[in-house]
Structure formats: structure tokens, C-alpha cells
4 protein chains.
Amino acid sequence: MPAPFAALRSRLQRLAVGRKLAAVQLLVCDVDGVLTDGGLHYDGAGQVVKRFNVRDGLAIRMLQRAGIEVALLSGGRSGAIEQRARHLHIQHCRAGVGDKLAGLQELQAEVGASAACTAFIGDDLNDLAVRPATALLVAPADAASALRRRADWVLRSPGGHGAVRELAEALLQSRGALRALHHGGWREGNG
Amino acid sequence: MPAPFAALRSRLQRLAVGRKLAAVQLLVCDVDGVLTDGGLHYDGAGQVVKRFNVRDGLAIRMLQRAGIEVALLSGGRSGAIEQRARHLHIQHCRAGVGDKLAGLQELQAEVGASAACTAFIGDDLNDLAVRPATALLVAPADAASALRRRADWVLRSPGGHGAVRELAEALLQSRGALRALHHGGWREGNG
Amino acid sequence: MPAPFAALRSRLQRLAVGRKLAAVQLLVCDVDGVLTDGGLHYDGAGQVVKRFNVRDGLAIRMLQRAGIEVALLSGGRSGAIEQRARHLHIQHCRAGVGDKLAGLQELQAEVGASAACTAFIGDDLNDLAVRPATALLVAPADAASALRRRADWVLRSPGGHGAVRELAEALLQSRGALRALHHGGWREGNG
Amino acid sequence: MPAPFAALRSRLQRLAVGRKLAAVQLLVCDVDGVLTDGGLHYDGAGQVVKRFNVRDGLAIRMLQRAGIEVALLSGGRSGAIEQRARHLHIQHCRAGVGDKLAGLQELQAEVGASAACTAFIGDDLNDLAVRPATALLVAPADAASALRRRADWVLRSPGGHGAVRELAEALLQSRGALRALHHGGWREGNG
């Protein structure tokens, strides 16, 4: 899809999901391709480094402050995920998950959140499984085409380069929390 | 070549190779510039880190599930290649190969695949040598110009940023396996 | 904002801040998203690698030679910041700072610089706090939108890809130091 | 300069330097911003990782085969430079050099090459110093503007993303060595 059409579709989709945004109490994020650009940096010993984004980090802290729980659910397995979660005070984090639907339902039970107030952001086919347990399925601009076709909202930003930030700002705006932050600023570390 | 012409040529080439895609039983991938964007990250001790792509990884798992053998054949030498192969359950992997034709023929003997059912994806001059032993020579969008001119199919995606994914989806589609995956999703780890 | 408008606005803003540039004696740089592209590379042990830019490094050395003090003020916490500061002979460097206004004022006291001769470059909401203590608030092209709206000058270059270089060349030009460097070249290491 | 004009200028400059290309016996490459994209990846212990490009590596091997000596001359200091040089069988390599003119002249004495048969590719102000000792000063597309204005040839490719490859192919073509490689391929490792 040419860029101007994709941008327009993204705006229309956001309008359509407006009411659902305000109801979200739990945001579950896939990691690779969502909080990262999908890159897996392998060294010779098999350790995998992942590139996260500082502005996504601040967005997650702002969501937490606004009372939205943020959780990570990843098919990949790497200490990097736990470390990033720890830095951002994310308490619910699952890595190496094969069946994402089961994983999501466990997270919802832990947090005490229903499907109707859960948003999920993912980038690939294995994320389609969460559909039945989420009110809002969101995809970065560069997600796999099969997921983009079935997501409620395809963002204008790609994974690792603003996708989670864009979604977080929409969630904050839906409850009037963004304006306050823009005026008052933010006086804590950004992890 | 301007981008619109390159995209059109890529579509026409794909049509032309359609029948060959359905016959592929073995996909052999060069590593640097194909599964990675060609970056070699050196630290001060000479260790080299390579950046792979999570969505290429899922594509390789889907090919394996559909009965297509995937192998790696690299002129480079790095533990990162073996590690990535291990994570993706790739059993046939050769690194530090000077003569790629000989390397490919050894892989074909191991797997028991003929040239007529072998596809190869590479990005540079040293990959031209495999021509006689492969039915289908594929190149990422950003391959060296000499290889792009002689490849059967120049993909629309660059190496490390979707090239192997694009080829894998075409292979799956050629045997009707893609539609099933898009509807059923994927419930295993993505390596 | 479409690219041509953003470029035009950037030029007009630079004209508007011209006089302030000449008065700057202290340049305080946020790190993540300013001296880097915002990427935080996590390994499995929680170590964070940051990507700096060699041409920003040479720019900082040129500012120091021209008598402008350069300091770092970061909300993030990582040994990488101190290491980069050391390589560039930056003596005033604070990491893990929550309240950036207080941090900036401490730096100004150390250096002996007033708000009127301090420029600050930052990329996100937590940088808005420094407003009262700086004559000039500058943002990279890809800063968070809330900061871009309130900055005195939004650069044409993004963080980690020329933002600090662009600002440094403007500072040098404002005091006639750039022309001399362009003719005489630079005969020291670039850190 | 808008992209189409830059591309046209690059083509015209290449025509203008055609004769000089054929005379080159020694190619001296700056490292950061030329063989890399200028990124300096710092870990918490002060180690710096640099990202080289596999296709530049093959280009350097092809130059060596064609009888052109390749040397590295860097203002930066990092074991990564020596390691990359070793992998590519580059015997003349100097890092941490402040005065690049003196460094270049030492390299020329070692190799036994005159200024008239030396080409230099660099990206920043500290590379201007080599002007008197080189017949051909080349710059990547994203070099510092002061260097671009004074280079004999500004390439169409940026540093770390094809600049050295573009220059190498022009050098090989100038002596008829490229066509043979394109037909015969390359049967050695690509480092």
C-alpha cells in the first residue's frame, strides 16, 4: 500500500477504535519487532542482544503512572527481555512463550484484567492467536502483512522506532492524561 | 533503476519463476547480506556480531514445517552463524566456505536434493558460482549489481530486512501452505 | 509536518535564534535520542550499549577548542555515557538524573555559566523541565512532538545522525570559528 | 543539495577523475564514517564496537587481487580496526592518528607509492589535511559538508553502506578488472 494511503487508513482506524482505547487497563506488548525493530544481534557464543528504544521506555513509564498496567509477552527467549522489563518496572513479563493465547490469558489472570480491557500489540503470525482474548489488536507499520490485514489498528510508526510510543500517546490522550504531561513535563528517570 | 521499475520487474520475475518455486525442496541461504543487512560488528577482541531478523526466523520455521529443508552456506566465519542455525533448528550449515559451488553440492548430497529442486539466495559475486547447481538464483533488493543482473528473481526487500521472509512466503504460497498459516496462525516459538 | 515545511521552519528558527547562539558558553546535551538515535542495546546480563556518532564527537572537540564548555545530562544510567564523555574530554557529565532542571542548575554552578549563556539539546518530555534555566532549547528532528512544539529550534538532523553536529556548526559559525576550521582542517584525534 | 542533483554531480565528478582512477596503486581508507556508518557502540566498560560491511570487504579483497594496495588510516583508536584489517589481509593499518598528513606520508613510504598514485577516502574535517599528498580525495555521500565541497569525487553511497564498494568498483573498472570478475565470479572467502 502506498505511504499516503497507509497513513490515511491508520488515522481512520484510530478514530474507529477511539472508544476501546479509553477502556484499556492492560497493554500487552510483544517484544521482537514491536519494542525492537526485529533485529537479533548474535555473538559467537549465542548471546542475543536486542535494541530497545528510549522514547518507548518513557511512554511505558507514563502509562504506568496513568494507571495502565504494561506487560510483555514474547515468543523469543533472551535475558535481554527480562532486563528491559526490570529497568521499566514491568512486573508481568513472559518470554519463550509458544502459545500466545494461553500466555495472554495467564497474564490477564495475574493482573485481573478482562479481554474487554486488554490491548495487544504484535507484529507477526504467532500474535494472531491472541485475537479471542483481546479487545484491541494493534500492529506496527512494518508488521507481517497477514497481521496488518487483521489488526484493528495499524500504526504509522514501525517497531522499535516509535510504534509503542504512538500507541501509548493515544491511550493517554483517550483519558486526558497526555495534555497534563505535555504541560507539566516529566521529572523522573526514563529507564 | 528507479524504485517503481524495480518493483515492477520484481513482480514480473516472480511470475516467471512461479513453476520453479513449487518444485523447491531445498532452500540454501547465504548469510551476510541475506539473513543480515551485511553489517559486521567488530569488537576490540575480533569477535563479530551479526544482526539477524526475527521475522525471517519465523519464515524459516514455517518452511521447515511445510517440508522444505533450509540450509546455510556462508563465506564468512563466525560462531554467530552456527548459533543462529541452532536456534532455528537448521541442521545443514556451512561457514567459511571459499568455493560456494562445491559447498552447495556437498549440502545437496547430504540432504539428497537435486539441482532442479534447489533454490539459492545470495547477495554478492561469490554467490554467482552456484549457478550451475541451482534451479533458482534469488537476490535481495540491495544485492551487488552483478548478482542482481544475473539472478532469476530480485526481491523487493533488502537483506536482513525481509528478503528471506519474502522468498519464504512465495515458496509457501506456491504449495498452498500460506493460506492455512494465515488463518490458523502459528503457535510455536519463533526462535 | 511534511518534510519541506519542516526544513523551512528549521531555517527560520535558526535565523530567529541567531543572536542567542553567539552568547552560548555552555552546551548541555541529553544523551539518549540526542547523541544517540535512542537505541538501547540490551544483552542478557542487563548491560546497555549505546551508539554514538563519530562526527558528533569531532564537533564536540571543535566546540571545546573554540572555548565552549560541553556537558552531558542524562536520565539514563549506563557506563557507556561516562566512557563516551571521557573519550571526548567532557568533564561535566551526569547520568541517572530524574529532575533535569536541578541537574542543569548544578552543572551551571560547576561551570559558572548563567541561564542566558546556556543552550540545551534534548529529545523528550523530561527535557522540558530545563526551560526556565536555559536561553536556548534545541531539539533533534525526530524528538517527541511535545518537545518539538516548544523548542526554540528544531534541527534538520535526527538524534545520533547529525543533530549535535548541526547545532555545533551553528555555534561555531556564530563566532566565526567555522570558516577557520574549514580552511585549516583539524589535526587532532576525533575521539 | 536535492538528491537528483547530487547524483548527477557524482556522475560528472567520476567522469572528471577517470584518468586518475587508472593510475591508483594505493587506496587509503579512513575508517569511521567510511568503512562504517560513523556509529561508535560503547558498552559500559568503554569498549567500542564498530559496524563494517561485508560487501566492502569483498571489494577490498578484489582490489588486492587486482594489485592495488589497500591501507587504513584512522583518527579513532579501537582494537576493532586492527581486527577488521587482519580479516581482510590489510597489512598497512594505522589507528589513533592525529595528523593524517604525516600518517599518510608514512604509509606511502612503507608501500613505496607516490602522491600521484594514491587515492584517499575520508568523511570529515580531519581528512582535509591529506590533500597535498593525494591525487584523488574521495568522500562518501554523507561526509561532512566541508569535505564534500573540497573532494574530487563525492560518491552516491554513504559510509558503511556501499561507499568503499562504489569506489573499488570504479578502480577495478578503470583497469578492466571488473568485467572479468563479473563473469568469472569470486571463489574465495569474503572475510
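When reading the values below, keep in mind they use all heavy atoms of this one structure, side chains included, and skip hydrogens, waters and symmetry mates. Fair warning: this is a prediction, and the values are worked out from it, not measured in the lab. The sequence lines fix the lettering, A, B, ..., with proteins before strands; numbering per chain opens at 1.
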For A:Arg131, which atoms come within 4.5 Å of any heavy atom of chain B: side chain, backbone, both, or neither? neither
Please tell me if the side chains of A:Leu72 and A:Leu35 come closer than 4.5 Å, counting only heavy atoms from C-beta onward. yes
Go through the steps to decide whether B:Arg55 and B:Leu58 satisfy the test side chain to side chain contact (heavy atoms under 4.5 Å, CB included), and finish with yes or no. CA-CA 5 Å; B:Arg55 288 196 285 271; B:Leu58 188 56; 5.7 Å; no
Of all heavy-atom pairs between A:Ala71 and A:Leu26, which one has the smallest distance, and what is that distance? CB-CD1, 4.2 Å
Is A:Val70 close to A:Arg61 at the side-chain level, that is, under 4.5 Å between some pair of heavy atoms? no
Hey, could you give me each pair passing salt bridge (charged side-chain N to carboxylate O under 4.0 Å, His left out) that has a residue in residues 12-24 of chain B? Not counting sequence neighbours. none
Would you say that B:Leu137 contacts B:Leu147 through its side chain, given a criterion of any heavy-atom pair below 4.5 Å between the two side chains? yes
Can you say whether B:Arg86 sits under 4.5 Å from chain A via the side chain, the backbone, both, or neither, judging by heavy atoms? neither
Please list, in residue-number order, every residue in residues 44-52 of chain A that has a heavy atom less than 4.5 Å from any heavy atom of chain B; write 'none' if there are none. A:Gly44, A:Ala45, A:Gly46, A:Val48
Counting heavy-atom pairs closer than 4.5 Å to chain A, which one of B:Ala80, B:Gly162, B:Ser78, B:Gly39 comes out on top? B:Ala80
Side-chain donor/acceptor of A:Arg150 to backbone N/O of A:Ala146, under 3.5 Å: no
Considering only heavy atoms and a distance below 4.5 Å, find which of B:Glu169, B:His161, B:Arg165 pairs most often with chain A. B:Arg165
Under a 3.5 Å distance rule, please check whether A:Glu166 uses its side chain to pair with a backbone N or O of A:Arg156 as donor and acceptor. yes
So, the part of A:Leu101 with a heavy atom under 4.5 Å from chain B: the answer is side chain
Evaluate the side-chain proximity of B:Val34 to B:Val164: yes if any heavy-atom separation is below 4.5 Å, no if none is. yes
At a 4.5 Å cut-off on heavy atoms, which part of A:Asp127 comes close to chain B: side chain, backbone, both, or neither? neither
